[in-house]
2 protein chains.
Amino acid sequence: MSDTAVVRRFQRTVTQRIGALEDGFLARGRPLGQARVLWEIGEGVEVRALRARLGLDSGYLSRLLRALEAEGLVVVEGGGADGRVRTARLTPAGIAEREELDRRSDEAAAEVLAPLPAAQRDRLVAAMAEVERLLTASMVTVEALDPGHPAARRCVEAYVAELGRRFESGFDPARSLSAEDDELRPPAGMLLVATLHAEPVGCVAVKLHPRQSMAEIKRMWVDPSVRGLGLGRRLLAEAETRAAGHGVRTLRLETNRALAEAVALYRASGYLEVAPFSEEPYAHHWFAKRLR
Amino acid sequence: MSDTAVVRRFQRTVTQRIGALEDGFLARGRPLGQARVLWEIGEGVEVRALRARLGLDSGYLSRLLRALEAEGLVVVEGGGADGRVRTARLTPAGIAEREELDRRSDEAAAEVLAPLPAAQRDRLVAAMAEVERLLTASMVTVEALDPGHPAARRCVEAYVAELGRRFESGFDPARSLSAEDDELRPPAGMLLVATLHAEPVGCVAVKLHPRQSMAEIKRMWVDPSVRGLGLGRRLLAEAETRAAGHGVRTLRLETNRALAEAVALYRASGYLEVAPFSEEPYAHHWFAKRLR
DNA sequence: CTCATTCTCTGACCTTAGTCAGAGATCTAG
DNA sequence: CTAGATCTCTGACTAAGGTCAGAGAATGAG
């Protein structure tokens, strides 16, 4: 059976099995839209945040909130610093209702596993975890962003913070070799950002050198929550492809020994360790790869 | 993470990933209901069969068919033996449309796999196949049916046909030891039937002996399409539980060496080979198990 | 032949989900 | 202070999906 046939059978079976449990069972006769809103209101959310998270029209969300308010499950009130913004909060009844939904959701999940003997159940759970992880990986998109873009800023900040935590000596970007915004922005370079659910979860930069067929990899970072999904490898491959498109023949980079998984990634991706080519004070390893 | 938590995360991710591709992409601006009907009309289906299969209200289905007819994708015509029944059939345009849906469905499936490097793709496909298999297994229900029930009849016929194919000498039920309807119907015995998607896919019978703590397993059969899902083991376990409920302490059975997987199942389920206890001409192995 | 049942269809109606165009209050940059 | 932007809300509207109550034709049991 071809890969796509497997995916299609999978889809068919999953929607049948999981969908059947969801309907009515989980929502308790409540419209799905209302249930989703109920779920997303944690300990008070700004209405605009709710709108963004659920991707709803403002008029539609407003009406959903009115309906939940009428049932006494939610209160929406202003009074914050910004007088335009209102905040939705669960009432005790709303909290109880959400706990009920939670309980039912667990029950539905247990019902899927119940008919199976223990050995098969374990295999199913393991396979589901694997599918979940890999589907998550396949939802990540990679695109070039301007270093000034908020998502790009957050990535680079997370990168710096992580180096600070992991290097024995801490990390001060000012002491490190430069990778300023202008150096990572066309035409001088590029910054690729990986995004999952509208959140930046990884990045890599390429610093080009005018009239040279050599370029440098910088700012390689993957959010801890998505490690193990092969995202680092994907970012690196994408950077290589794009660099090659700019005429780059050789990529090089330096890294710190504290970043063991990064070192392993570079080796596995065909980077060979070379003699130090820079004065980077935080580096222990220098790598280079010739692009084909 | 608990098993139910894995199932819930799985559900969440899958509906996001698979659902997102489905919407609009597959239906081509066509309402989902219409697309589903288009899909289920193969080479002509009776309207009532369509209704049963899709679980739709007759009025609703009628309107869906009118809409598809208006687009020239479907014709609905009477003229069969039963003048009330009408049959829906795809026009050439309808066939083309369905092929287009098929193509898009494949494309959507490919799109899920596309962002992943080959190694991860293979793992995802393997994990999906595993989830699909095990979810299918968890959709199977097992219940006691009267031997005269059509589903029970079909099972037993399939059982006989398979023995006929697999025994070196063929299989003639008349020459075999008896297992008549009355012997497999309470109070003399029981017949358990496994059902998937309203189709019988396996069975097992228990033949009790009045005032004896011994009973016999008969008619053990699993449809080839669902082998490897542990259904045989489940049927056997269910039969044992129910037999124990009737005061049975020892179960025994005989089987033919051509049924290697059945023999393996019995051994794995705790049945021990014993000396022949019957004159069954088709048997090569006799097994017994003491129930706790 | 008759009466109940089956099958399909139409008309009336409903809920959910969602879009779009403002209104009114509030905030922010200049 | 003003103009434009932001935030929430209401009202008007739409499409999809579906239910329910018959009507009308055909069938099957007695």
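Everything numeric in this text was worked out from a predicted model, so none of it was measured. Numbered from 1 within each chain, the chains take letters A, B, ... in sequence-line order.
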Under-4.0 Å salt bridge between Arg103(B) and Glu100(B)
yes
By the salt bridge (Lys or Arg N to Asp or Glu O under 4.0 Å) test, which pairs, at least two apart or in different chains, include something from residues 56-67 of chain B?
Arg66(B)-Glu69(B)
Can you name the side-chain hydrogen bond (donor to acceptor under 3.5 Å, both in side chains) partners of Arg51(B), sequence neighbours left out?
none
With a 4.0 Å heavy-atom cut-off, tell me which residues in residues 43-67 of chain B come close to DNA chain C, sorted by residue number.
Val47(B), Arg48(B), Arg51(B), Ser58(B), Gly59(B), Ser62(B), Arg63(B), Arg66(B)
Could you give the CZ-to-P distance, from Arg86(B) to dG24(D), as a whole number of Å?
17 Å
Tabulate below the donor-acceptor pairs under 3.5 Å that side-chain atoms of residues 188-195 of chain A make, not counting sequence neighbours, or state none.
none

Test of understanding: with side-chain hydrogen bond (donor to acceptor under 3.5 Å, both in side chains), list the residues that count as partners of Glu157(B), not counting sequence neighbours.
none
Among residues at least two apart in sequence or on other chains, which ones pass side-chain hydrogen bond (donor to acceptor under 3.5 Å, both in side chains) with Arg8(B)?
Asp102(A), Ser105(A)
Over how many whole Å does the gap from Arg84(B) atom CZ to dT27(D) atom C1' extend?
4 Å
For Glu43(A), give me all partners under side-chain hydrogen bond (donor to acceptor under 3.5 Å, both in side chains), at least two apart in sequence or on another chain.
none
Go through the structure and list residues passing side chain to side chain contact (heavy atoms under 4.5 Å, CB included) with Val85(B), not counting sequence neighbours.
Glu46(B), Arg48(B), Asp82(B)
Nt span of DNA chain C in reach of chain A heavy atoms at under 4.0 Å, 5' end first, is dT16(C) to dC27(C)
